[in-house]
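Reviewing the structure listed below.
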Amino acid sequence: MTNSTSTSSAGGFSPQWLALRERADHRSRNPQLADALKTRFLQREQITVVDLGCGTGSNLRATSQLLPDRQSWTLVDHDPALLTVARTALIAWADTSDISTGQLTLRKGRAELSVTFRCADLTRELDTVLGAKPDLVTASALFDLASEPFIQQFAAAVAKRRAVFYTVLTYNGIQRWLPRGPLDQQMNAAFHRHQMTDKGFGISAGPSAPVVLSDQFETHGFTVAEGDSPWRLGADDRALIAELAAGFAAAVRQTKAMKDADIDGWLKRGHTGAEVGHTDTLAIPGLQSRVESSDSTDD
Ligand SMILES: C[S@@+](CC[C@H](N)C(=O)[O-])C[C@H]1O[C@@H](n2cnc3c(N)ncnc32)[C@H](O)[C@@H]1O
């Protein structure tokens, strides 16, 4: 779930929150879609990738294992502090790193990754950050923040480049807490109202984002595959559950749809488990987007 409510004083995403969720994020990714992505690029020796809303680099750490050995990544975020943490975290994650040429090069297992960081706002600089022709455009836990018009514009931009699109962990509206309680449904409804407010892209698609993504890419002739990637949180995830519940309650409070005392009572239940539904999406360009792409060169 992409919830920034209580995760940073500036209303953005704190590196602590992103670190806390990374283990659950990585284990929750849909394995069939991951395999399909791997198969798609199996014959390639090298690949160029753009990661949108990269945070501290979690998506690279998981997705790079699925890609050819020589990888060139552009990591994009509008938060310069997160990009600084990303650089340090990726150097720590890699087996070796080299910046002698002014370009960060990482080695991890058999893979050699060249990594560029770009501080940019996707709502204003999408075309620039996508570049001329990336092989793969990817994102993790981003698109439920985005609005429907942004997703529409985004799908058109990716289609024009005939890039493959792979995104993971888009919130899809499923939310269950353990132990269950009488206020859960009301809390969920209020939370969804909060989800569909402006998160920097115009009114967010929130839990409709997976459907909007799939519709938009199909419109451009892509073959779209989707898979579930739920967080199933239990005894080993106590810190994440506590932080998630606090952020969820803070979001509900902001809507003013429920009494503070009820929200406090809900929080005091001391949740021991949670399921949060996510969808992963893989969109592969087809013949139709080839036609659109060659048409668009005449503009
Ligand atoms: C939920 S975090 C996910 C971070 C990372 N992809 C991960 O999986 O850990 C969403 C990220 O999108 C970035 N972001 C949000 N709106 C953005 C925008 N308009 N332009 C660029 N980055 C944005 C945030 O700064 C944050 O790093």
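Whatever order the structure lists them in is the order used to number ligands and atoms, beginning at 1.
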Under a 4.0 angstrom heavy-atom cut-off, which atoms of ligand 1 come close to [X]?
| X | answer |
| --- | --- |
| Asp121 | 18 (C), 19 (N), 20 (N) |
| Leu82 | 25 (O), 27 (O) |
| Leu142 | 12 (O) |

Could you tell me whether some N/O pair between [X] and ligand 1 is separated by less than 3.5 angstrom?
| X | result |
| --- | --- |
| Asn59 | no |
| Leu18 | no |
| Asp25 | no |
| Leu145 | no |

Say whether [X] and [Y], considering side chains only, have a donor N or O and an acceptor N or O under 3.5 Å apart.
| X | Y | value |
| --- | --- | --- |
| Asp135 | Thr48 | yes |
| Asn59 | Arg29 | yes |
| His26 | Ser58 | yes |
| Ser229 | Asn30 | no |

Quiz item: Would you say Leu145 and Ile174 are hydrophobically clustered, going by side-chain heavy atoms of ILVMFWY under 4.5 Å?
Solution: no
Minimum non-hydrogen distance to [atom], winning option of [options]:
| atom | options | result |
| --- | --- | --- |
| atom 5 (C) of ligand 1 | Ala62, Ala120, Ser58, Cys54 | Cys54 |
| atom 21 (C) of ligand 1 | His78, Lys199, Glu22 | His78 |
| atom 3 (C) of ligand 1 | Ala19, Gly55, Pro15, Ser140 | Ser140 |

Practice problem: Flag the pair Tyr171 / His192 as yes when their ring centroid distance falls below 6.0 Å, and as no otherwise. | Solution: yes
Quiz item: Is the distance between the ring centroids of Phe222 and Phe165 less than 6.0 Å?
Solution: no
Quiz prompt | ligand 1 contact by Ala141, heavy-atom criterion under 4.0 angstrom | solution =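 So Ala141 counts as touching ligand 1.
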Quiz item: Taking the inter-plane angle between the rings of Trp266 and Trp177 on a 0 to 90° scale, is it parallel (under 30°), tilted (30 to 60°) or perpendicular (over 60°)?
Solution: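 The arrangement is perpendicular - the two ring planes meet at more than 60°.
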